[in-house]
Peer 1: 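My questions will all concern the structure given below.
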Amino acid sequence: VHGWPDDEDLWTPITRAFLSTHFIVRVTLPGFAKDQTKTEAMDFCRWVEHLHSVIEPTCADKKVVLIGHDWGAYLSYLY
């Protein structure tokens, strides 16, 4: 999970190293997309719900290792 003001691209170099051995899901949090023109208010509950909406259906049958950087570390802890 990326932090502020990053997006999922933060993880590109790291994920390349693990693609052959791990199933990897990178998430851009709401309000952080590069093509987004407005900045949304910080809402930790909404961001944690977003994480859940991605992780649960995508990884339901897999062991999950959640990695967070900066604000993403805090959100990972909340999740």
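This is a predicted model, so every value here is computed, not measured.
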Peer 1: Spell out, yes or no, whether I67 and L10 are grouped together once hydrophobic residues are joined by side-chain heavy atoms under 4.5 Å, including indirect joins.
Peer 2: yes
Peer 1: Can we call the ring centroids of Y79 and W47 under 6.0 Å apart?
Peer 2: no
Peer 1: Considering all heavy atoms of both residues, which atom of V64 and which atom of C59 are nearest to each other, and what is their separation?
Peer 2: CG2-CB, 3.7 Å
Peer 1: Show me the donor-acceptor pairs within less than 3.5 Å that the side chains of residues 16-26 make with the rest of the protein, sequence neighbours left out.
Peer 2:
unit_1: T21; atom_1: OG1; unit_2: F18; atom_2: O; d: 3.4
unit_1: R26; atom_1: NH1; unit_2: E8; atom_2: O; d: 3.2
unit_1: R26; atom_1: NH1; unit_2: T12; atom_2: OG1; d: 2.6

Peer 1: If hydrophobic clusters are built by linking Ile, Leu, Val, Met, Phe, Trp and Tyr wherever their side-chain heavy atoms come under 4.5 Å apart, do V27 and W11 end up in the same one?
Peer 2: no
Peer 1: Should W71 and I14 be counted in the same cluster of Ile, Leu, Val, Met, Phe, Trp and Tyr side chains packed under 4.5 Å apart?
Peer 2: no
Peer 1: For H2 and T28, work out which heavy atoms get closest and say how close.
Peer 2: NE2-CA, 3.5 Å
Peer 1: Hey, any chance F44 and L66 share a hydrophobic cluster, counting ILVMFWY side chains that come within less than 4.5 Å of each other, even indirectly?
Peer 2: yes
Peer 1: Identify whether V54 and Y74 are in the same connected component of the hydrophobic contact network (ILVMFWY, side-chain heavy atoms under 4.5 Å).
Peer 2: yes
Peer 1: Less than 4.5 Å apart, side chain to side chain, heavy atoms only: is that true for L78 and L51?
Peer 2: no
Peer 1: Mind checking the CG-CG spacing from L29 to L75? Nearest 0.5 Å is all I need.
Peer 2: 6.0 Å
